[in-house]
Amino acid sequence: MRNILVALALATLLLAAGCNKLTKENYDKLKMGMSYAEVTAILGKADTCSETLGVSNCTWGKDETKSVNVIFLADKATAFSYIGLQ
């Protein structure tokens, strides 16, 4: 029984690691005017967000080789860019 639980836990971790949402296909789904909630439904939770005077700058991806950046004004996507997506 213990071996089955260990195998299930390992399989779950492998599946989670393989579900990377930072793809060009998902980036292409982003549209001007989307809310933060709509963007996170596509890309998952942002790795970092900063806010100044009602403008939020959020980044998905923790390294400089593969990331998506979205700027929100009043919770609406106004600009987005990417680095290294395929």
Side-chain angles (χ1 to χ4, degrees):
M1 180 68 170
R2 184 170 189 256
N3 288 341
I4 293 173
L5 290 175
V6 170
L8 284 173
L10 182 59
T12 301
L13 287 173
L14 290 173
L15 284 174
C19 295
N20 187 350
K21 293 185 173 191
L22 276 183
T23 64
K24 180 70 165 76
E25 181 181 341
N26 282 341
Y27 175 83
D28 290 339
K29 294 177 184 177
L30 302 179
K31 304 291 180 216
M32 297 290 280
M34 284 183 145
S35 68
Y36 177 79
E38 292 172 315
V39 174
T40 59
I42 295 169
L43 298 177
K45 185 177 183 255
D47 292 304
T48 61
C49 280
S50 61
E51 185 173 341
T52 304
L53 300 172
V55 177
S56 297
N57 185 358
C58 297
T59 302
W60 286 259
K62 295 181 181 178
D63 62 48
E64 296 176 5
T65 61
K66 187 176 183 181
S67 65
V68 172
N69 188 65
V70 181
I71 297 174
F72 296 92
L73 176 61
D75 194 41
K76 300 295 178 194
T78 58
F80 31 92
S81 61
Y82 72 89
I83 296 171
L85 298 184
Q86 297 178 359

Side-chain donor-acceptor pairs under 3.5 Å in residues 63-74, sequence neighbours left out?
residue, atom, partner, partner atom, Å
Asp63, OD1, Thr65, N, 2.9
Asp63, OD1, Thr65, OG1, 2.7
Asp63, OD1, Lys66, N, 3.0
Lys66, NZ, Leu22, O, 3.3
Asn69, OD1, Thr59, OG1, 3.0
Asn69, ND2, Asn57, OD1, 3.1

Would you list the atom pairs, donor with acceptor, under 3.5 Å between side chains in residues 25-33 and any protein atom, with sequence neighbours excluded?
residue, atom, partner, partner atom, Å
Asn26, OD1, Lys29, NZ, 3.3
Asn26, ND2, Lys21, O, 2.9
Tyr27, OH, Phe80, O, 3.2
Asp28, OD1, Lys24, NZ, 2.7
Asp28, OD2, Lys24, NZ, 3.3
Lys31, NZ, Asp28, O, 3.3

Atom pairs and distances, donor-acceptor, side-chain atoms in residues 44-54, under 3.5 Å, two or more places apart:
residue, atom, partner, partner atom, Å
Asp47, OD2, Gly61, N, 2.5

If a pair satisfies side chain to side chain donor-acceptor pair (under 3.5 Å) and one of its residues is in residues 77-86, list it, with sequence neighbours excluded. none
Pick out which of Asp75, Thr40, Ile42 makes a side-chain contact (heavy atoms from CB on, under 4.5 Å) with Met34.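 The single option meeting the side-chain contact (heavy atoms from CB on, under 4.5 Å) with Met34 is Ile42.
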How about Tyr36 and Cys58: do any of their side-chain heavy atoms sit closer than 4.5 Å?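 Side chain of Tyr36 against side chain of Cys58, heavy atoms only: contact under 4.5 Å found.
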